[in-house]
Amino acid sequence: MEKPRCVVLPTCLPYKNVATRSIRFVEDVLTVEVQGEGFVWLHVVFREVIGFRALDERDLCEFWNEYSTPNGWLYEVSEGGWMDLEKQRRWFSSPEIFGDLREYLLVDDVCVSVLCRATPVLESLGASPRG
């Protein structure tokens, strides 16, 4: 498998050192609740989700040199991620059915990989990210 290539989503940069508090999936919407410094709470909302997985960070060591805090905690994956692994399976047809399918990676102690058709949205639940 090729080396991962990811781009940090700039919307996550004002929020430093987040910790995942909950993961909720209802219909095709995945909501990851994270807590940051200064009691900042965010919902990271992924819509039009095709699939997701949660893995301990130790299982994604190939990402850590470049794609972890302090560089950011929410990335779009263009190569070498979970979707590329799934594409090796004969019956994985989602990329052909959904031509706009993208992959995102939220990194923390628990890393969440998401295959979806929409850019994730960060919804602030309180406290200013600038303190």
Side-chain angles (χ1 to χ4, degrees):
M1 188 162 121
E2 59 200 65
K3 182 180 178 185
R5 286 189 23 185
C6 306
V7 175
V8 69
L9 294 185
T11 54
C12 82
L13 294 177
Y15 305 95
K16 304 291 182 193
N17 302 317
V18 299
T20 301
R21 297 298 182 215
S22 70
I23 300 170
R24 185 174 58 252
F25 183 64
V26 178
E27 294 182 16
D28 69 345
V29 178
L30 178 70
T31 303
V32 181
E33 188 174 57
V34 297
Q35 182 182 14
E37 295 174 343
F39 298 103
V40 171
W41 286 83
L42 298 168
H43 279 167
V44 184
V45 182
F46 300 89
R47 290 183 171 81
E48 299 183 66
V49 173
I50 303 306
F52 72 95
R53 70 174 185 180
L55 290 174
D56 187 280
E57 65 184 334
R58 74 176 169 269
D59 292 321
L60 295 172
C61 290
E62 66 269 27
F63 286 89
W64 284 107
N65 287 338
E66 295 179 55
Y67 309 117
S68 61
T69 54
N71 299 326
W73 51 270
L74 183 59
Y75 295 87
E76 183 168 4
V77 181
S78 60
E79 291 179 9
W82 178 41
M83 185 157 40
D84 283 350
L85 279 172
E86 291 298 324
K87 284 179 178 177
Q88 295 176 21
R89 294 188 312 105
R90 178 178 177 194
W91 298 110
F92 182 62
S93 60
S94 288
E96 286 80 37
I97 295 170
F98 305 104
D100 57 351
L101 189 61
R102 292 152 53 191
E103 178 179 356
Y104 295 93
L105 175 66
L106 189 152
V107 296
D108 189 22
D109 290 343
V110 174
C111 297
V112 182
S113 299
V114 183
L115 304 179
C116 64
R117 301 175 61 202
T119 303
V121 174
L122 274 62
E123 298 175 351
S124 176
L125 303 177
S128 169
R130 304 221 191 307

Engineer: Determine whether Cys116 and Arg47 make a side-chain contact, defined as any pair of heavy atoms from C-beta on separated by less than 4.5 Å.
Structural biologist: no
Engineer: So, the side chain of Ser113 versus the backbone of Leu105: is there a donor-acceptor pair under 3.5 Å, distance only?
Structural biologist: no
Engineer: Taking the side chain from Asp108 and the backbone from Thr20, do they hold a donor-acceptor pair closer than 3.5 Å?
Structural biologist: yes
Engineer: I need the Ile50 CD1 to Asp28 CG distance, nearest 0.5 Å.
Structural biologist: 7.5 Å
Engineer: Say you draw a straight line from CG of Asn17 to CD of Glu37; how long is it, rounded to the nearest 0.5 Å?
Structural biologist: 4.5 Å
Engineer: Is the count of non-hydrogen atoms from other residues, nucleotides or ligands lying under 6.0 Å from Glu27 atom CD greater than 12?
Structural biologist: no
Engineer: Taking side chain as C-beta onward, heavy atoms only, is His43 less than 4.5 Å from Leu125?
Structural biologist: yes
Engineer: Within the 4.5 Å heavy-atom criterion, are Val49 and Leu115 side-chain neighbours or not?
Structural biologist: no
Engineer: Using modelled atom types and a 3.5 Å cut-off, is there a donor and acceptor pairing between side-chain atoms of Trp73 and backbone atoms of Cys12?
Structural biologist: yes
Engineer: Indicate yes or no: at least one non-hydrogen side-chain atom of Leu122 is less than 4.5 angstrom from one of Leu74.
Structural biologist: yes
Engineer: Taking the side chain as every heavy atom from C-beta outward, state whether Leu30 and Val45 have any pair of such atoms under 4.5 Å apart.
Structural biologist: no
Engineer: Test of understanding: clusters of I, L, V, M, F, W, Y form through side-chain heavy atoms closer than 4.5 Å, transitively. Do Phe25 and Val34 belong to the same one?
Structural biologist: yes
Engineer: Please round to the nearest 0.5 Å and tell me the distance separating atom CZ of Phe46 and atom CG of Leu106.
Structural biologist: 5.5 Å
Engineer: Hey, are the side chains of Val77 and Pro4 touching, using non-hydrogen atoms and a 4.5 Å cut-off?
Structural biologist: no
Engineer: For the pair Tyr75 and Tyr104, evaluate ring-ring contact (aromatic ring centres under 6.0 Å, His included) and give the outcome as yes or no after the intermediate values.
Structural biologist: CA-CA 6 Å; Tyr75 295 87; Tyr104 295 93; over 10 Å; no
Engineer: Measure from the side-chain N and O atoms of Gln35 to the backbone N and O of Trp41, and report whether any donor-acceptor pair falls under 3.5 Å.
Structural biologist: no
Engineer: Is it the case that more than 12 heavy atoms not belonging to Arg21 sit under 6.0 Å from its CZ atom?
Structural biologist: yes
Engineer: For the pair Leu42 and Tyr15, evaluate side-chain contact (heavy atoms from CB on, under 4.5 Å) and give the outcome as yes or no after the intermediate values.
Structural biologist: CA-CA 9 Å; Leu42 298 168; Tyr15 305 95; 3.5 Å; yes
Engineer: If we only count heavy atoms from C-beta on, is the Met83 to Leu101 side-chain gap below 4.5 Å?
Structural biologist: yes
Engineer: How about Thr119 and Arg102: does a side-chain donor come under 3.5 Å of a side-chain acceptor?
Structural biologist: yes
Engineer: Less than 4.5 Å apart, side chain to side chain, heavy atoms only: is that true for Glu103 and Glu76?
Structural biologist: no
